[in-house]
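This report concerns only the one structure given below.
Scope of the values below: all heavy atoms of this structure, side chains included, with no hydrogens, waters or symmetry mates. What you see is a predicted model, and the numbers here were worked out from it, not measured in a lab.
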Amino acid sequence: MAEGLSTTLVSNWLNTLRAAGAAFGPVAAEYAQLHTANPGAAGTTAISVGSTTRVILTHAASSAGSALALTGTNPAWTNGGTSETITDISVWTASSGGTFLFSVALTASKAWASGDTFTLNSLGVSLAAQAS
């Protein structure tokens with residue numbers, strides 16, 4: 001699977017369009033996890049060894065089909081002891097366990113040495129809306 005939306009998220013969104021479908025409500029919180037390669041369809045492949053911690057994300061509200069932008073403090077991780085290269089992030093509904101929502105490839109891979117801090121400065125998430 002290429003980076004993108006999880007099948008669970010897509011199915012939940014699509015089921016809201018069915019007359020008998022269940023409404024898909026807001027996600028209480030989102031947490032990002034670092035990866036050293038594509039996270040795969042379940043979001044569990046190539047999890048960073050330097051930090052397995054998921055960090056909470058905060059977004060501004062979307063309007064007119066625009067992207068969700070990060071707000072507040074940028075999420076950051078400190079490498080706990082292994083040098084590696086971070087290439088992707090996955091986003092989840094909980095700090096552990098939870099539901100995998102989507103994955104995103106970094107615009108540029110980041111070499112991450114033991115003791116270094118990795119800060120996510122932006123996370124562009126958007127869906128194309130039909131032009132009016």
Closest approach of [X] and [Y], non-hydrogen atoms and distance?
X: Ser83; Y: Ser114; value: OG-N, 3.6 Å
X: Thr87; Y: Ser109; value: CG2-OG, 3.5 Å
X: Val55; Y: Pro75; value: CG1-CB, 3.5 Å
X: Leu57; Y: Ala32; value: CD2-CB, 3.9 Å
X: Gly98; Y: Ala94; value: CA-CB, 3.8 Å

Residues in side-chain contact (heavy atoms from CB on, under 4.5 Å) contact with [X], at least two apart in sequence or another chain:
X: Thr107; result: none
X: Thr93; result: Val27, Thr99, Leu101
X: Ala76; result: Thr117, Thr119

Please check if the side chain of Arg54 supplies one atom and the backbone of Val91 the other of a donor-acceptor pair under 3.5 Å. no

If you look only at pairs with a residue in residues 73-93, which of them pass as a ring pair (Phe, Tyr, Trp, His ring centres under 6.0 Å), with sequence neighbours excluded? Trp77-Phe118, Trp92-Phe100

Tabulate below the donor-acceptor pairs under 3.5 Å that side-chain atoms of residues 41-53 make, not counting sequence neighbours, or state none.
| from | atom 1 | to | atom 2 | distance (Å) |
| --- | --- | --- | --- | --- |
| Thr45 | OG1 | Pro39 | O | 3.4 |
| Ser48 | OG | Gly50 | N | 3.2 |
| Ser48 | OG | Ser51 | N | 3.2 |
| Ser48 | OG | Glu84 | OE2 | 2.4 |
| Ser51 | OG | Thr53 | N | 3.4 |

Once side-chain hydrogen bond (donor to acceptor under 3.5 Å, both in side chains) is applied, do any residues pair with Asp116, and if so which ones, sequence neighbours excluded? none

